[in-house]
Amino acid sequence: MNNKIENTKKEINIRSASFTLIEVIIIILITSLVVGVATSIIVYRNYNDIKATANGDSVSKISELEEAYNNILNGYVEKIDENELVNAAIKGMYNYIGDPYTTYLDEETTSNLMDRLNGEYYGLGVEFTKTEEGFVVVTVFDGSPAKDADIKVGDFLVKVNGEDLSEKTAQEVANMIRNNPSRKIKISVTRGTITLTKDVTLSTITIPAVSKEKYDNIGYIKIETFSNTTYSQFKDALESLEKEGIDGLVIDVRNNGGGYLTAAVDIAELFLEKGKNIYGLKNQTETKFYEDSTRENRKLKVAVLINSSSASASEILAAALKESYGATLVGTTSYGKGTVQETNDLKSGGMVKYTTAYWLTPNGNSINQKGLEPDIKIEALNESNTEKDVQLNSALEALR
């Protein structure tokens, strides 16, 4: 056996020695090419196997979902609304995550939300809700076609261009008004025992997001929501108050559930010095802070009114003004929504929103599920009555 091995070694050595340098190089190149091709084939096959497995797995799961869907749609004892069934399926997936801010919004909810966030829309200029008695008007916007036509809060919408509304949904009524082929429209309302028919010319309505008052030398601005038009409305109100002469400002974000982050940031930049932190974002991979990039700033004394319904963009503005400007927070602990959502529109007209990051105060604090603590804690008595609004009066006193 040892002789065989030894003879083999000699044979290999003799054969190896018989190759010229050129031949050895050629052999190496051919070997490398073969190995390279073989390796490429292995990788390609493995990739396809993985891809096929992944696609097969996804297809299998979607097929199972489709089968369950068809079983209900075609086999259930009663007729099922197909759109509602799809809505329920999407809602179920987003509810499974367990995050209250990762949700699915149907077409009607999405439409109403986007009107609010856009800050303007084309239409009549009213907000209404459906009750057992019908569609009751709950808001009439100043300067709107509805206001000009003397439509009042408490009126019931009963007809649009002569078409009865009793069997319509709120979204259908809104669409009948907005999608009217002509700008002119007939609106019938009941007021008590009488029915009135109004000729109305539709227009683009800016939804009021800001209101202002002046208490001696202290300005007051109430922010209802953070829409696309909130910043411009706020700036106009602030500059108007400054022209009248003010030494301090109360910013009221009580019962403001938030809106667009950019609106809150733009308002904060009216006060903060350039380079000051406004907020931070923390996602899976990094934490990043966003600074004031403008030259505009102010020296006004500021108090911010907050309560348990002040959330999201309201909290971002309040935290920025407190930690980077020195504002005083007055009221009760805020809601504590310390997450940021992104949205995606669906072909159905609905929308999904999902959490992508946590936001942080300028000093790096998370307020998620904790809220902002006021510097002056005081419970509300009656916020609708200015004279008895102890939180507002406390804020005014703090600035004086």
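Here the structure is a predicted model, which is why all the values come from computation and not from measurement.
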Kindly indicate whether the side chain of Asp150, heavy atoms from C-beta on, has any atom under 4.5 Å from the side chain of Arg191. yes
Under a 4.5 Å side-chain heavy-atom rule over Ile, Leu, Val, Met, Phe, Trp and Tyr, are Val126 and Val136 clustered together? no
Is the side chain of Thr355 donor-acceptor paired with the backbone N or O of Thr339 at a distance under 3.5 Å, no angle test? no
If you compare all heavy atoms of Phe289 against all heavy atoms of Gly280, which two are closest, and at what distance to 0.1 Å? CD2-CA, 3.6 Å
Looking at Leu399, is its backbone amide N or carbonyl O close enough to the side chain of Lys301 to form a donor-acceptor pair, meaning the two atoms are under 3.5 Å apart? yes
Main-chain N/O of Glu127 paired with Thr139 side-chain donor or acceptor, under 3.5 Å: no
Should Glu273 and Lys299 count as an ion pair when the cut-off is N to O under 4.0 Å? yes
For atom CD of Glu66, is the number of surrounding heavy atoms from other residues, nucleotides or ligands below 6.0 Å larger than 12? no
Between NZ on residue Lys212 and CD on residue Glu244, distance to nearest 0.5 Å: 5.0 Å
Test Val265 against Tyr290 for side chain to side chain contact (heavy atoms under 4.5 Å, CB included), laying out the working first. CA-CA 9 Å; Val265 170; Tyr290 296 82; over 6 Å; no
Side chains of Glu342 and Tyr354, heavy atoms from C-beta outward: is any pair under 4.5 Å? yes
Whether the side chain of Ser203 engages the backbone of Tyr122 through a donor-acceptor N/O pair (distance < 3.5 Å, no angle test) should be reported. no
Hydrogens and angles aside, do Thr169 and Gln171 bring a side-chain donor and acceptor to less than 3.5 Å of each other? no
Within one Ile-Leu-Val-Met-Phe-Trp-Tyr cluster: Ile218 and Ile376, side-chain cutoff 4.5 Å: yes
Run the ring-ring contact (aromatic ring centres under 6.0 Å, His included) test against Tyr231 and tell me which residues pass, sequence neighbours left out. none
Does a donor on one side chain and an acceptor on the other come within less than 3.5 Å for Ser293 and Glu291? no
Could you check if a side-chain atom of Phe234 sits within less than 4.5 angstrom of a side-chain atom of Ile251, using non-hydrogen atoms only? yes
Distance in Å, Lys186 NZ paired with Asn180 CG, rounded so as to fall on 0.5 Å steps: 11.5 Å
For Thr294 and Glu269, work out which heavy atoms get closest and say how close. OG1-O, 3.4 Å
With clusters defined by side-chain heavy atoms of hydrophobic residues (ILVMFWY) lying less than 4.5 Å apart, directly or transitively, does Phe135 cluster with Ile205? no
Taking NZ in Lys130 as the centre, count heavy atoms belonging to other residues, nucleotides or ligands within less than 6.0 Å. Is the count above 12? yes
Does Lys147 reach the main-chain N or O of Ala149 with its side chain, forming a donor-acceptor pair under 3.5 Å? no
Between Val253 and Glu315, is the side chain to side chain contact (heavy atoms under 4.5 Å, CB included) condition met? List the steps. CA-CA 9 Å; Val253 291; Glu315 294 173 296; over 6 Å; no
Heavy atoms only: give me the nearest Arg254-Asp252 pair and the separation to one decimal. NH2-OD2, 2.8 Å
Are the side chain of Lys377 and the backbone N or O of Thr333 linked by a donor-acceptor pair below 3.5 Å? no
Indicate, with yes or no, if the rings of Phe226 and Tyr260 have centres closer together than 6.0 Å. no
Walk me through it: do Thr206 and Gln233 pass the test side chain to side chain contact (heavy atoms under 4.5 Å, CB included)? CA-CA 10 Å; Thr206 298; Gln233 291 183 48; 3.7 Å; yes
Is it true that a side-chain atom of Asp164 and a backbone atom of Gly162 form a donor plus acceptor pair closer than 3.5 Å? no
Report yes or no: do Ser309 and Asn307 form a side-chain donor-acceptor pair below 3.5 Å? no
Side-chain polar contacts of residues 316-326 - donor-acceptor pairs under 3.5 angstrom, sequence neighbours left out - could you list them?
| unit_1 | atom_1 | unit_2 | atom_2 | d |
| --- | --- | --- | --- | --- |
| Lys322 | NZ | Asp375 | OD1 | 2.6 |
| Lys322 | NZ | Asp375 | OD2 | 3.3 |
| Glu323 | OE1 | Thr361 | OG1 | 2.9 |
| Glu323 | OE1 | Asn363 | N | 2.8 |
| Glu323 | OE1 | Asn363 | ND2 | 3.3 |
| Glu323 | OE2 | Thr361 | OG1 | 3.2 |
| Glu323 | OE2 | Asn365 | ND2 | 3.4 |
| Ser324 | OG | Asn277 | O | 2.6 |
| Tyr325 | OH | Arg298 | O | 3.2 |
| Tyr325 | OH | Leu300 | N | 3.0 |
| Tyr325 | OH | Leu300 | O | 2.5 |

So, Thr343 versus Asp345: side-chain donor-acceptor pair below 3.5 Å or not? no
Do other residues, nucleotides or ligands put more than 12 heavy atoms under 6.0 Å from the NZ atom of Lys184? no
Validation row: Thr332, Glu379 side chains within 4.5 angstrom (heavy atoms): yes
Within a strict 4.5 Å, meaning less than it, do heavy atoms of the Lys168 and Leu157 side chains meet? no
Hey, does Val250 have a side-chain heavy atom less than 4.5 Å from the side chain of Tyr215? no
Taking atom CZ as the centre, does Phe128 end up with more than 12 heavy-atom neighbours from other residues, nucleotides or ligands that are less than 6.0 angstrom away? yes
Nearest heavy-atom approach of Ile177 to Ile185 is CA-CD1, 3.9 Å
Taking the side chain as C-beta and beyond, is there a heavy-atom pair between Leu202 and Arg178 under 4.5 Å? no
If you measure from CG on Asn161 to OG on Ser188, what distance do you get to the nearest 0.5 Å? 9.0 Å
ILVMFWY network linking Leu124 to Val153, side-chain heavy atoms under 4.5 angstrom: yes
Derivation and outcome, side chain to side chain contact (heavy atoms under 4.5 Å, CB included), residues Ile267 and Ile223: CA-CA 11 Å; Ile267 291 173; Ile223 305 175; 4.0 Å; yes
Among the clusters formed by ILVMFWY side chains lying less than 4.5 Å apart, do Val140 and Val158 turn up in the same one? no
Distance col, row Asn217:CG vs Arg400:CZ, nearest 0.5 angstrom, shows 7.0 Å
Criterion salt bridge (charged side-chain N to carboxylate O under 4.0 Å, His left out) on Asp292 and Lys276, from CA distance to verdict: CA-CA 5 Å; Asp292 188 328; Lys276 291 282 189 178; over 6 Å; no
Between Lys198 and Asp155, does any NZ, NE, NH1 or NH2 come within less than 4.0 Å of an OD or OE carboxylate oxygen? no
Tell me, yes or no, whether the heavy-atom count around Tyr358 atom OH, taken from other residues, nucleotides or ligands under 6.0 Å, exceeds 12. no
Between Thr229 and Ser227, does any side-chain donor sit less than 3.5 Å from a side-chain acceptor? yes
If we only count heavy atoms from C-beta on, is the Lys159 to Thr195 side-chain gap below 4.5 Å? no
List the atom of Gly125, the atom of Ser144, and the distance in Å for their closest heavy-atom pair. O-OG, 3.5 Å
Could you measure the distance from the NZ atom of Lys282 to the CG atom of Asn368? Nearest 0.5 Å is fine. 11.5 Å
Look only at the side chain of Trp359 and the backbone of Lys337, and say whether a donor-acceptor pair between them is shorter than 3.5 Å. yes
In terms of heavy-atom contacts, does CD of Gln369 have more than 12 from other residues, nucleotides or ligands at under 6.0 Å? no
CD of Glu213 to CG of Leu241, rounded to nearest 0.5 Å, is 9.0 Å
